[in-house]
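Below: the structure, in structure tokens.
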2 protein chains.
Amino acid sequence: MNQKSTIYDIAKKLNISAATVSRALNNNPKISEKTRKLVNDTANEMNYTQNRLALALKSGKSNNVGVLVPRIDRNFFSSVIRGIEECLYPEGYQVIICQTHDDENLEMQNIEALLNAQVDGILMSINGTTEKNDAINKILQKKVPLIFFDRKKNIDGVSSVTINDFDGGYQATQHLIDQGCKKIAHLAGDLSVEIYKDRCNGYKQALLDNGIKFNENYLIETISKVEQGEDSTKKLLNLKNPPDSIFSSSDFVALGAIQEIKKHNLHIPNDISIVGFSNEPFTKFMELSITTVDQSPVEMGKIAASVFLEQVNNSSNIEIHKKIVLPPKLLVRKSSLKN
Amino acid sequence: MNQKSTIYDIAKKLNISAATVSRALNNNPKISEKTRKLVNDTANEMNYTQNRLALALKSGKSNNVGVLVPRIDRNFFSSVIRGIEECLYPEGYQVIICQTHDDENLEMQNIEALLNAQVDGILMSINGTTEKNDAINKILQKKVPLIFFDRKKNIDGVSSVTINDFDGGYQATQHLIDQGCKKIAHLAGDLSVEIYKDRCNGYKQALLDNGIKFNENYLIETISKVEQGEDSTKKLLNLKNPPDSIFSSSDFVALGAIQEIKKHNLHIPNDISIVGFSNEPFTKFMELSITTVDQSPVEMGKIAASVFLEQVNNSSNIEIHKKIVLPPKLLVRKSSLKN
DNA sequence: TTGTATGCGTTATCAC
DNA sequence: GTGATAACGCATACAA
């Protein structure tokens, strides 16, 4: 049997009503065993599959959730997505993945598309450099459950799953200090983004707690690309008083830093120690493995998804909102372990 | 205005019919400018967004396409997806990404879910180790456009966009021969998968064309993981007559090979040369950069998407099916360039 | 230029 | 146990 078939096609063929077919297919208890079997067999034979669009329209539930990330080719994000899928697939949800490429317009556009598609919820890592919350407000006004992960904004009524980025920055910096470093530079991400600001604040606090004066020449804001890491590191190395270590908020920037430092014929970690952030796989595989901070992405995804499930299955009038903060894990490797 | 609003809500508020609202929203030419403006303003005010589910049900077109890949955390696949998105977003399509994790059941399950969701087409990189085509047949029976990329099966009526894997394998091997290698091993992927078989055949043909006898001890089938690369390489190095070079069908396996070779205190590329496959970013960033074969993933995604568009916009009765084969590009780097 | 009626594929609510 | 019907939100053929 070719083409798409509906319950009406089955009904017509069996000379019964569509309602009966529907009931049989849904294992409604008040249907005769004989009819049920007949319907199921015919459905298979006719290659029937349920039209979830119709079901969604009828029920007001699409069983789709939208996931919005800056980009999927970062191991961190693809791992979060894996966690989300592992939690949501068994519950019958389909996951629609969108990439914002850190572009505000694309973010807005994707959110509108997801709302139009009647998703049952949106899990997102928000760009969040802007003050405007137009897109977010649209979601909230439509009462669509919204959960932030990793990159969040503090908005009433929105749950979030993040790591303690302050602590991550603190641990990374403290580790460098413990290794004997005194002149610690920080290659930060966009400081208008909360996670990067938190990591930077952790860095500053660690300096303070260890009686090291913050040197503003040692702080450079840069985007998460290898090339930017090279450029920024060149600036650091050209200072009259260059740093003896670098804590980067991005593994890719850390990699760029390493490339640049090697060009200057300096030894890592003895001349300059490096710590990155995110535990991208390559940090482990490099000959000179990179010390970094792990963010438990799969777990983060699972938790974000389960928070969504809690919210969507919440029949009470009491709205559930959670702010979950996971601990970061410093992974010490060769790039910062002096011999 | 809270909650979701429909064209009926707008109609009621303005004391006009829903049909007029619909027409105004869709810029139907035969609507007065005044009404159009009134409707649009009210729609904004009421935070209206179109319910694409209803539209899809009505029109029989969901404007969703499904993309099925083994996993998104491989740069190759996430890049293909980027290409697909770049081509399909401007056309108003939403992309639903599914991962099979190389699991046949998951593949089947995902396909069913996509069909239930009434996707307008499916772009997939098929697992394809099995002979059974149940899932594929379901797609074809429902006349849903299907396009394979990268990993394909030869099935009538299915378009495909691939690279010439045979040529990729051939070029890689020829390059090693040109570098003076005579004992070339091949770490292959699952040889029941066409791309890996093709790469292996390219390898064998290059040997043949250069008068080098194929040594079956030099061929090991392995899955695309770093650890497996280490294990397999250990076996190669323990042979009485170990190889002087390795062509791997996977960058990750190549990386494992490099790790293992270093443990044995052999020099790369002078003692053993290495070529990988896929141009994963880390191959470029490693201190010892890895020679590899680029598959033009973004372009592949764009082409796959445009083939889909052609098929779906094809109003004629003539079915369009294309088999597009892109050329692989060998990128020579340190791991195989002898000094 | 606008309104009325219909159907897309389901399921739920009545009836019988 | 089963059938008829309405409703989900939208676009459109047909009327007016």
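We name chains A, B, ... by the order of the sequence lines, and we start the count at 1 in each one.
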Double-helix bend of the helix from C:dT1-D:dA16 to C:dC16-D:dG1, axes at both ends from 5 pairs, round to 10°, gives 50°

Under a 4.0 Å heavy-atom criterion, DNA chain C is touched by chain B from C:dT1 to C:dG9

Residue pairs meeting ring-ring contact (aromatic ring centres under 6.0 Å, His included), one or both in residues 65-101 of chain B, sequence neighbours left out, come to B:Y93-B:F308

Considering only NZ, NE, NH1 and NH2 on the basic side and carboxylate oxygens on the acidic side, decide whether [X] and [Y] come within less than 4.0 Å.
X	Y	value
A:E194	A:K153	no
A:K13	A:D9	no
B:E299	B:K302	no

Base, sugar-phosphate or nothing for A:S59? Non-hydrogen atoms, less than 4.0 Å. nothing

Indicate, with a heavy-atom threshold strictly under 4.0 Å, whether B:L53 touches base, sugar-phosphate, or nothing. nothing

Starting at CD1 of B:I147, measure out to CD1 of B:I84 and round the result to the nearest 0.5 Å. 9.5 Å

What's the separation between atom CG in B:L309 and atom CG in B:L88, rounded to the nearest 0.5 Å? 5.0 Å

Review item, side-chain donor-acceptor pairs of residues 155-162 of chain A, under 3.5 Å, at least two apart:
residue : atom : partner : partner atom : Å
A:S159  : OG   : A:Q311  : OE1          : 2.9
A:S159  : OG   : A:K322  : N            : 2.9

[atom1] of [X] versus [atom2] of [N]: gap in Å, rounded?
X	N	atom1	atom2	value
A:K12	D:dA4	NZ	P	14 Å
B:M46	D:dG9	CE	P	13 Å
A:E33	D:dG1	CD	P	10 Å

Surrounding NZ of A:K323 (heavy atoms of other residues, nucleotides or ligands, distance under 6.0 Å), is the total greater than 12? yes

Under 6.0 Å from the NZ atom of B:K12, do we count more than 12 heavy atoms belonging to anything else shown? no

Side chain proximity check, A:C98 to B:Q94, heavy atoms < 4.5 angstrom: yes

Let me have a per-nucleotide readout for nucleotides 10-16 of chain D, 5' to 3', with B, S or -, counting only protein heavy atoms under 4.0 Å. BBBB---

Excluding sequence neighbours, so at least two apart, what forms salt bridge (Lys or Arg N to Asp or Glu O under 4.0 Å) with A:K138? A:E112

